[in-house]
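Beneath this line is the structure, given in structure tokens, with notes to follow.
Order of listing sets the numbers, starting from 1, for every ligand and every atom in it. It should be emphasised that the depicted structure is a prediction, and the values quoted were computed from it without experimental measurement.
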Amino acid sequence: MSQDSIAVGSIAGAPSSSTARGLWSSRWAFFLAATGSAVGLGNIWKFPYITGENGGGAFVLVYLACILVIGIPLLMTEVMIGRRGRANPEGAMAAMAKAAGASRHWRLLGSVAIFTGFLILSFYAVIAGWALAYAPAAALGEFAGLTGESSGALFGAMLGDPVKLAGFGTLVLLLTLGIVALGVREGLERSLSLLMPGLFVLLLVLVGYAATTGHFGEALHFLFDADFSKLSGQSVLVALGHAFFTLSLASGAMMAYGSYLPAGTSIAKTAIMVAVADTGVALLAGLAIFPLVFANGLEPGAGPGLIFVTLPIAFGQMPFGQLIGVLFFVMLAIAALTSAISLLEPTVAWLGERFAIGRLKAVLLTGLALWLLSLGTVLSFNAWSEYTLFGKTFFDSLDYLTTNLLMPLGGLGTVLFTGWVLSRASVQEALGIGQPQLFQLWWQVLRWVTPLGILVVFLHSMGLF
Ligand code: PHE
């Protein structure tokens with residue numbers, strides 16, 4: 001372990017193992033890791049298809065509002081708790097509660113977050129496997145001359161093949177487990193500084209291509225003209241859930257990464273930069289995809305297959321499409337991998353610190369459980385597609401439970417804990433916002449606007465007003 005792995009700035013009562021936990025080498029490294037966690041399938045795969053399913057502009061507006069008044073304040077809170085507690089999310093919550101003289105049970109919020117991340121990873125790996133499967137398909141020229149219909153058929157054939165889905169999903173899991181077993185610092189920091197700009201450039205290329213389809217204006221209308229009559233209570237809940245999902249909140253990821261953040265770095269600035277990068281990638285993905293949807297007579301509300309059906313059509317037609325297609329799906333898979341790592345880290349850190357087992361053992365145990373659970377998602381696209389609970393397949397249920405229920409409720413708990421249980425002075429000190437007015441603004445938003453925002457969305461989604 002390197003010299004700087006001394007737990008500076010941690011509170012008394014945090015586990016002493018914290019001295020051996022390691023730290024990011026710089027604020028920039030933390031920014032890359034947090035952005036790597038935030039930018040992933042959520043931005044490129046999920047954001048476009050849920051926007052399509054929920055009617056476009058009004059949904060995007062609600063989502064942006066959720067990022068601003070709920071996502072950013074909570075992101076800052078989670079990083080702060082991780083850094084102060086210097087432990088896995090459960091341990092960090094316990095340490096914070098103890099230092100504040102509050103009930104030990106607050107640590108359960110950390111436990112639930114860890115479990116949420118674990119559940120998400122079980123399906124996230126399967127979807128990331130789709131991207132991995134599409135990279136060789138692009139290389140082999142399978143996208144040449146695709147139409148809306150034949151592209152849909154190609155995607156359907158993949159979903160219908162459980163062995164292929166399980167194979168690529170397993171590959172993603174193995175890669176994630178391997179990186180986390182080795183410790184994230186070297187590999188992650190280095191690969192991310194190449195990957196993030198690369199992904200951005202490729203997305204710009206795709207937006208450029210989409211602009212040539214003649215349907216760019218239609219896409220702009222769809223994404224940015226808000227027609228609130230298209231917005232149901234459920235859509236608002238989906239927008240809120242997605243704000244959590246895309247910023248990696250309430251799943252242990254940001255708390256775990258915050259626990260490796262050196263003291264003295266500005267949490268506020270970094271959090272805002274992460275949110276801006278994350279939102280930018282999502283909007284670019286929308287601008288790349290919707291022109292193709294409209295140009296090829298596809299349905300915006302087609303569901304989880306949206307980018308896997310639309311983008312290959314573009315790759316099949318554009319100059320150098322074969323190469324760009326491979327690059328795109330490889331980058332998407334890597335972007336998913338850097339998110340998957342952050343989904344695994346909390347569980348592994350928790351097992352290691354709570355039960356004092358080695359990192360490798362913790363990784364193997366978690367990996368086995370994840371793999372078994374991931375088969376449920378694999379089968380929900382084929383053999384089990386008819387088995388549904390409240391009209392939802394196994395995958396849909398996991399997605400709904402984590403993103404639309406556990407994340408918002410867990411986030412609400414963390415916000416209330418910070419705003420109403422911890423003292424103002426201790427939070428101000430831990431957060432390190434220098435300007436008093438700025439802190440005051442953040443503090444009031446966190447105490448009032450964020451929790452009320454979450455509650456209002458919940459009550460609205462239940463049809464209460
Ligand atoms: N934020 C990631 C994405 O948008 C997913 C994620 C969720 C990662 C929760 C970590 C924790 O793809």
Taking it one step at a time, do Y260 and F30 satisfy ring pair (Phe, Tyr, Trp, His ring centres under 6.0 Å)?
CA-CA 8 Å; Y260 308 120; F30 171 76; 9.7 Å; no

Give the intermediate values and the outcome of ring pair (Phe, Tyr, Trp, His ring centres under 6.0 Å) for residues Y134 and F143.
CA-CA 10 Å; Y134 261 49; F143 300 157; 5.6 Å; yes

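- Looking at D278 and N43, their side chains do bring a donor and an acceptor atom within 3.5 Å of each other.
- When each atom of ligand 1 is checked for a heavy atom of A253 under 4.0 Å away, the hits are 10 (C), 11 (C).
- Side-chain contact between T246 and T279 is absent, with no heavy atoms from C-beta onward closer than 4.5 Å.
- Between A38 and ligand 1, at least one pair of N/O atoms sits closer than 3.5 Å.
- The N/O atoms of G42, backbone and side chain alike, include one that comes under 3.5 Å of an N/O atom in ligand 1.
- The option from W45, Y124, Y257 that lies nearest to atom 12 (O) of ligand 1, judged by heavy atoms, is Y124.
- Using a 4.0 Å cut-off to heavy atoms of L41, the atoms of ligand 1 that qualify are 12 (O).
- Using a 4.0 Å cut-off to heavy atoms of T246, the atoms of ligand 1 that qualify are 1 (N), 4 (O).
- With rounding to the nearest 0.5 angstrom, the NZ atom of K46 is 11.5 Å from the OG1 atom of T51.
- Taking all heavy atoms of A34, S37, A256, A128 into account, the minimum distance to atom 2 (C) of ligand 1 is reached by S37.
- Remark: distances from the non-hydrogen atoms of G117 to ligand 1 are all 4.0 Å or more.
- Between T418 and I81 the shortest heavy-atom distance is OG1-CD1, 3.7 Å.
- In terms of protein heavy-atom proximity, atom 8 (C) of ligand 1 is closest to S248 OG, 3.3 Å.
- Nearest to atom 9 (C) of ligand 1 among the protein's heavy atoms is S251 OG, 3.3 Å.
- Classification of E345 and R359 as a salt-bridged pair holds, one side-chain N sitting under 4.0 Å from a carboxylate O.
- Judged by the 6.0 Å and 45° rule, K392 forms a cation-pi pair with Y400.
- Given atom 1 (N) of ligand 1, the protein heavy atom at minimum distance is F245 O, 2.8 Å.
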